[in-house]
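Notes to accompany the following structure.
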Amino acid sequence: MNRPLTYLLGPEAVLVLFSALLFWFCSRHNSGEGRDVAIMEKLIWAIPFLITPLAFATILAPDAKNWWWLGRAIVFTYLAIMVCGYRLIEGLGSGARGQDAALILLLVLGAVAIAIATSITAAMILAATKPGFANWFQGNKVLGTFLTALATIPIGIVLGLTATFLGTILLSFYCEVFKR
């Protein structure tokens, strides 16, 4: 498969399309009052669980079962959650409306959703690249499923800590350079 088609069917394209649709929706509900705030609050809770399955479903595209695809899916999903989340938080309006709690909520729920998707797609990639693993997994379906679910915990911890650490550094840099 050629490279442009791989990226056209990749997680980046799906996330850009979803982000554009979300930005359009937010522009229609941008008053910062009443019903619009309630919609933004509900979307903040839902956004990680809407974005992540869409991005990780691209594993079904041809030639997508590789580690490079998984890295791209993780990084761009976190990026899309933060960009779309920032737009939703902006839609809450000014003043003390829980914007800091919303950001923390996005990081935590994003880490959970991405960890679940990462463990499942990593098992799919291993099965596609290592025939021995595929045979073992097929012979031990219950144990394999349990171990895949159990792998979600350390993956989530590492992804959550990494995203928090890098996000803190990048936001600190942004505030120091642009908000002075």
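Worth knowing before you read on, the calculation uses all heavy atoms, side chains too, and leaves out hydrogens, waters and symmetry mates.
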task: With sequence neighbours excluded, tell me which residues meet side chain to side chain contact (heavy atoms under 4.5 Å, CB included) with Leu161.
output: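 So Leu161 forms a side chain to side chain contact (heavy atoms under 4.5 Å, CB included) with Ile157.
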Non-hydrogen atoms of [X] and [Y] that approach each other most closely:
{"X": "Pro11", "Y": "Ala73", "answer": "CG-CA, 3.8 Å"}
{"X": "Leu88", "Y": "Cys26", "answer": "CD2-SG, 3.4 Å"}
{"X": "Ala102", "Y": "Ile44", "answer": "CB-CD1, 3.9 Å"}
{"X": "Ala111", "Y": "Gly160", "answer": "CB-CA, 3.9 Å"}
{"X": "Arg72", "Y": "Gly10", "answer": "NH2-CA, 3.8 Å"}
{"X": "Leu150", "Y": "Pro154", "answer": "O-CD, 3.3 Å"}

Would you say [X] and [Y] are hydrophobically clustered, going by side-chain heavy atoms of ILVMFWY under 4.5 Å?
{"X": "Val177", "Y": "Tyr174", "answer": "yes"}
{"X": "Ile47", "Y": "Leu79", "answer": "yes"}
{"X": "Ile51", "Y": "Leu17", "answer": "no"}
{"X": "Ile120", "Y": "Leu60", "answer": "yes"}
{"X": "Ile153", "Y": "Val112", "answer": "yes"}

Within-4.5 Å side-chain heavy-atom neighbours: [X] and [Y]:
{"X": "Ile81", "Y": "Ile114", "result": "yes"}
{"X": "Thr118", "Y": "Leu159", "result": "yes"}
{"X": "Thr77", "Y": "Ile74", "result": "no"}
{"X": "Ile59", "Y": "Leu70", "result": "no"}
{"X": "Leu126", "Y": "Trp67", "result": "yes"}
{"X": "Met82", "Y": "Leu106", "result": "yes"}

message: Once side-chain hydrogen bond (donor to acceptor under 3.5 Å, both in side chains) is applied, do any residues pair with Ser119, and if so which ones, sequence neighbours excluded?
response: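 side-chain hydrogen bond (donor to acceptor under 3.5 Å, both in side chains) list for Ser119, sorted by chain: Thr152.
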Partners passing side-chain hydrogen bond (donor to acceptor under 3.5 Å, both in side chains) against Thr121 (at least two apart in sequence or in another chain):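 Scan of Thr121 (side-chain hydrogen bond (donor to acceptor under 3.5 Å, both in side chains), adjacent residues dropped) gives none.
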Looking at [atom1] of [X] and [atom2] of [Y], how far apart are the two atoms once the value is rounded to the nearest 0.5 Å?
{"X": "Thr148", "Y": "Ile155", "atom1": "OG1", "atom2": "CD1", "answer": "9.0 Å"}
{"X": "Leu15", "Y": "Tyr78", "atom1": "CG", "atom2": "OH", "answer": "13.5 Å"}
{"X": "Leu21", "Y": "Cys84", "atom1": "CG", "atom2": "SG", "answer": "9.5 Å"}

For residues 131-141, which side-chain N or O atoms pair as donor and acceptor with protein atoms under 3.5 Å away, sequence neighbours left out?
{"unit_1": "Asn135", "atom_1": "ND2", "unit_2": "Pro131", "atom_2": "O", "d": "3.4"}
{"unit_1": "Asn140", "atom_1": "ND2", "unit_2": "Trp136", "atom_2": "O", "d": "3.2"}

message: Quick check on Phe23: does its CZ atom have over 12 non-hydrogen neighbours (other residues, nucleotides or ligands) under 6.0 Å away?
response: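 Yes.
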field: Residue pairs involving residues 76-87 (criterion salt bridge (Lys or Arg N to Asp or Glu O under 4.0 Å); sequence neighbours excluded)
entry: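 Found Arg87-Glu90.
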field: Residue pairs, two or more places apart or on separate chains, that pass ring pair (Phe, Tyr, Trp, His ring centres under 6.0 Å) and touch residues 41-64
entry: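 Found Phe56-Trp69.
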